[in-house]
Chemist: 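What follows is a single structure, and I will ask about it in a moment.
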Amino acid sequence: MYTCESISHLLATCKTLASFKQIQAYAYKSNIHSDPFVAGKFILHCAVAISDAFHHALRLFLDVPAPDVFMCNAIIRGLSESETPQNSISMYSKLRREVGFRPDSFTFAFLLKGVANYRCLRDGVQLHCQAVKHGLDGHLFVGTTTVSMYGECMCAGYARKVFDEMFGPNVVAWNALVTACFRSNDLMALEAVFGEMPFKNVTSCNVMLAGYMKAGETESATDLFSEMDVKDAVSWSSMVGGFAHNGCFTEAFGVFRGSVRSGIGANEVSLTGVLSACAQAGAFEFGRIVHGLVEKSGLNWIITVNNALIDTYARCGNVGMSRLVFDSMPDKSSVVSWTSMITGLAMHGCGKEALQLFHQMESHGVKPDGVTFVSILYACSHGGFIEQGSTYFSNMIEIYGVEPSVEHYGCMVDLYGRSGQLEKAFDFVTKMPFSPTDIIWRILLGACSIHGNVKLAEHVKGSLALVDPDNSGDGVLLSNIYATAGKWRDAAGVRRSMENQQIKKDPGWSTIEIDKVLYSFVAGDKRDKITEKAHEKLDEIMLRVRVEGGYMPEVASVLHDIQEEEKEDAVTRHSEKLALAFGLARSREGRTIRIMKNLRVCRDCHSVMKLVSKLYRVQIVLRDRSRFHTFDSGFCSCRDYW
DNA sequence: GTAGGGTTAG
């Protein structure tokens, strides 16, 4: 015979509908199935602890002639934790209407949490009113959940008002308020509340840390972190992720090592953070070490970690490793995994494979989102698939219901502009439902540069000057367009006006990783032994590409109105060439040379790299601002289309 | 018998 207690005990480990039905059968045999306690437990378990079993929970619920509050709450909770939490509210109204359901504090806790999940302020306010109507808004748990809900809806102000009405807020309530300010991106309010708190525990400090990091205030975060006498795994991982988020990868590596040394160890958040730092720095070897740690720590089943690995390998120039990680993932339900893989392929010039993967994703039943379409359109524009690109763009809206953002429009402008259809590209800009941003104009300017359209370039530069007058890259690009067209005086004019306005050119830099050490180079500088060595080797390389490869310098890439010979020297000394020379001098034979550049690679460097890959029989992988170039046997993976 | 607070990926 089974009792209520033994049924509860059985349910604790029951995870499938089949085993659940068995337990139900025991309850029938023992004739305790209609006991309200047992029936309630059954409904709750089925509604929240077994996946895809809500329909069964609902059937059980409907079989009960007079369901009690507990049962109603179980049904509402099941819906509020589902994919469609909105349904919990309609269920609530239905129960109120049809069975005279009287909600309690639990009801509102579940409902409000559901709203927090889909962040609908209107529904949130309505529930808040209902809670007031039932006299439950003063309940500590309900109040705390309301504060969290308003935070998720980005309304720190409302959260604060609710909090101020609360009677005797405890630590949890305070922390909910702090988090609400964090979620609303309200750093001022966050700092104020943090300062006001009568008790600070680690949790609230962690929120403050994350808040500083989100706002880019890495120094304040560092100060707070060093003042904290108790630091837990969340504190450490927030620092790692925060530094990575702000592009401070050296610091991210440092804190990550610190977390391991302090005995806290790596967790999935610090691992994704440090991987993101690797991705930005292009630190392939270090990324591999972190991958080893992932395997060793047994965290290799976590989806976010795998997604970070896919992205890191792709950004470090090894999309093959990304593919291995992707293929090894047993759970491919996350759209992020697919999108990362698609982006990786597209970055590496494998546009066709990227589109194929998109179709595989669809047959897997994973729904694409806005980011997926950015990478799809990117793949099309970089692969020169103009027709397909326009089709995807219209399908995105009509079939998938994804609202196009400025980024999507940017991809389309790039798609047409890059392929030489400058008028169509310009037309797209004027017909956009947003006013064009600096980025949009810059894409068009880039297209003018590729296709040598001076007239449109001048017009675009004029619009750019209105939106973002201080950007050095734009002046450089326009000046290069003039120089390519042989209009040296105009090129010099742009440069002079940049000097007058004190606009400084972003210095180009490149990094190369050899034996796990990262070396960086800036154009033309001779500072130390390393740079000296690079210059020496570069002289030898340039001579060889000239004599054996028939290389002719392409001087249009420098903007100076200087003598031809000097121009040649300035191109010769670009940072990516220095990194390449150093790599050739120091890498072991047969090794792939991996270089990262902060700006886009210039035409001259591009042709030198092709020649070097042939003459020196090396593979060179170069990551520039927008994509990867893999040079092998005299050819580049971008097929000179970038 | 049910419930509230912290960092994370494209």
Side-chain angles (χ1 to χ4, degrees), chain A residues 4-5 7-8 11 35-45 47-48 68-78 80 104-113 116 139-149 151 166 169-180 182-183 201-211 213-214 221 232-242 244-245 267-276 279 302-312 314-315 322 334-344 346-347 368-372 374-375:
Chain A
C4 296
E5 284 72 32
I7 292 288
S8 298
L11 283 177
D35 179 291
F37 180 92
V38 173
K41 280 276 184 199
F42 274 156
I43 293 167
L44 177 65
H45 192 84
V48 304
D68 58 24
V69 196
F70 184 92
M71 296 169 186
C72 293
N73 285 346
I75 285 298
I76 286 172
R77 180 174 164 197
S80 77
D104 62 5
S105 63
F106 288 91
T107 318
F108 285 106
F110 299 136
L111 285 169
L112 288 162
K113 186 138 196 217
H139 190 281
L140 197 58
F141 276 49
V142 175
T144 306
T145 328
T146 312
V147 169
S148 298
M149 180 276 293
M166 276 169 79
N170 58 8
V171 208
V172 182
W174 274 102
N175 286 338
L177 180 62
V178 168
T179 309
F182 171 72
R183 289 273 161 200
N201 57 356
V202 199
T203 302
S204 52
C205 291
N206 288 342
V207 181
M208 194 65 237
L209 275 184
M213 283 301 196
K214 204 195 223 174
D232 64 4
V234 177
S235 331
W236 284 96
S237 19
S238 291
M239 290 303 281
V240 178
H245 176 75
N267 61 38
E268 77 253 43
V269 179
S270 65
L271 284 169
T272 50
V274 78
L275 282 170
S276 152
I302 295 176
I303 294 175
T304 54
V305 174
N306 281 303
N307 294 346
L309 278 171
I310 293 170
D311 186 53
T312 304
R315 284 183 205 278
S322 303
S334 155
V335 66
V336 181
S337 318
W338 292 89
T339 307
S340 307
M341 195 60 233
I342 291 170
T343 310
M347 271 196 302
D369 64 9
V371 189
T372 316
V374 169
S375 53

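Quick note on labels: first sequence line is chain A, next is B, and so on, each numbered from 1. Computation of the quantities below employed the complete heavy-atom set of this structure, encompassing side-chain atoms and omitting hydrogens, waters and symmetry-equivalent molecules.
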Chemist: Base, sugar-phosphate, or nothing for A:V178, non-hydrogen atoms under 4.0 angstrom?
Modeler: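 The answer is nothing, as A:V178 stays clear of every strand by at least 4.0 Å.
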Chemist: Less than 4.0 angstrom between a side-chain N/O of A:K113 and OP1 or OP2 of B:dA3, yes or no?
Modeler: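 So the side-chain polar atoms of A:K113 never come under 4.0 Å of the phosphate oxygens OP1 or OP2 of B:dA3.
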Chemist: If every non-hydrogen atom of A:I76 is compared with every non-hydrogen atom of A:F110, which pair is closest and at what distance?
Modeler: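 For A:I76 and A:F110, the tightest heavy-atom pair comes out as CG2-CB, 4.4 Å.
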Chemist: B:dG1 P sits how many Å from A:I43 CD1, rounded?
Modeler: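 It is 17 Å, rounded to the nearest whole Å.
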Chemist: State, to 0.1 Å, how close A:A109 and A:T145 come at their nearest heavy-atom pair, and which atoms those are.
Modeler: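 Smallest interatomic distance, heavy atoms only, reads O-CG2, 3.6 Å.
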Chemist: Once you round it to whole Å, what is the distance between C1' of B:dA3 and CG of A:L140?
Modeler: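 Those two atoms, CG and C1', are 11 Å apart.
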Chemist: Send over the distance from A:F106 CZ to B:dG4 C1', rounded to a whole Å.
Modeler: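 Interatomic distance, CZ of A:F106 to C1' of B:dG4: 11 Å.
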Chemist: Counting any heavy atom closer than 4.0 Å, what does A:N73 reach on the DNA or RNA strands: base, sugar-phosphate only, or nothing?
Modeler: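 Result for A:N73 = base.
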Chemist: Across the strands shown, which category fits A:P36 at heavy-atom distances under 4.0 angstrom: base, sugar-phosphate, nothing?
Modeler: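 Base, at least one base atom sits under 4.0 Å.
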Chemist: I'd like to check, for A:F70, whether its ring lies over the base of B:dG1 with centroids under 5.5 Å apart and a plane angle smaller than 30°.
Modeler: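 Stacked: centres under 5.5 Å apart, planes under 30°.
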Chemist: Base, sugar-phosphate or nothing for A:V171? Non-hydrogen atoms, less than 4.0 Å.
Modeler: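 Answer is base: heavy atoms of A:V171 come under 4.0 Å of a base.
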Chemist: Describe the nucleic acid contact of A:D232 in one word from base, sugar-phosphate, nothing, applying a heavy-atom distance below 4.0 Å.
Modeler: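 Base contact.
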Chemist: Checking only heavy atoms, does the side chain of A:S340 share a donor-acceptor pair with the base of B:dG10 at less than 3.5 Å?
Modeler: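 There is none.
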Chemist: Decide side-chain hydrogen bond (donor to acceptor under 3.5 Å, both in side chains) for A:N201 and A:S204; before the verdict, give the C-alpha distance in whole Å, the side-chain angles of both, and the deciding distance to 0.1 Å.
Modeler: CA-CA 6 Å; A:N201 57 356; A:S204 52; 3.3 Å; yes
Chemist: On the nucleotide B:dT7, are OP1 or OP2 found under 4.0 Å from the side-chain N or O atoms that A:R183 carries?
Modeler: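 Affirmative; the distance criterion is met.
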Chemist: Please give me the minimum heavy-atom distance between A:S148 and A:A176, naming the atom from each residue.
Modeler: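 That would be OG-CB, 3.8 Å.
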Chemist: Can you measure A:M208 atom CE to B:dG5 atom C1' for me and round it to whole angstrom units?
Modeler: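 Rounded to the whole Å, the gap is 16 Å.
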Chemist: So, under a plain 3.5 Å distance rule, would you say the side chain of A:S105 forms a donor-acceptor pair with the base of B:dA3?
Modeler: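 Check passes, donor-acceptor contact within cut-off.
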Chemist: Could you state the CG-C1' distance from A:L44 to B:dG1, rounded to the nearest angstrom?
Modeler: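 Those two atoms, CG and C1', are 9 Å apart.
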Chemist: What's the CG-C1' distance between A:N175 and B:dA3, to the nearest Å?
Modeler: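 Distance check: A:N175 CG to B:dA3 C1' gives 17 Å.
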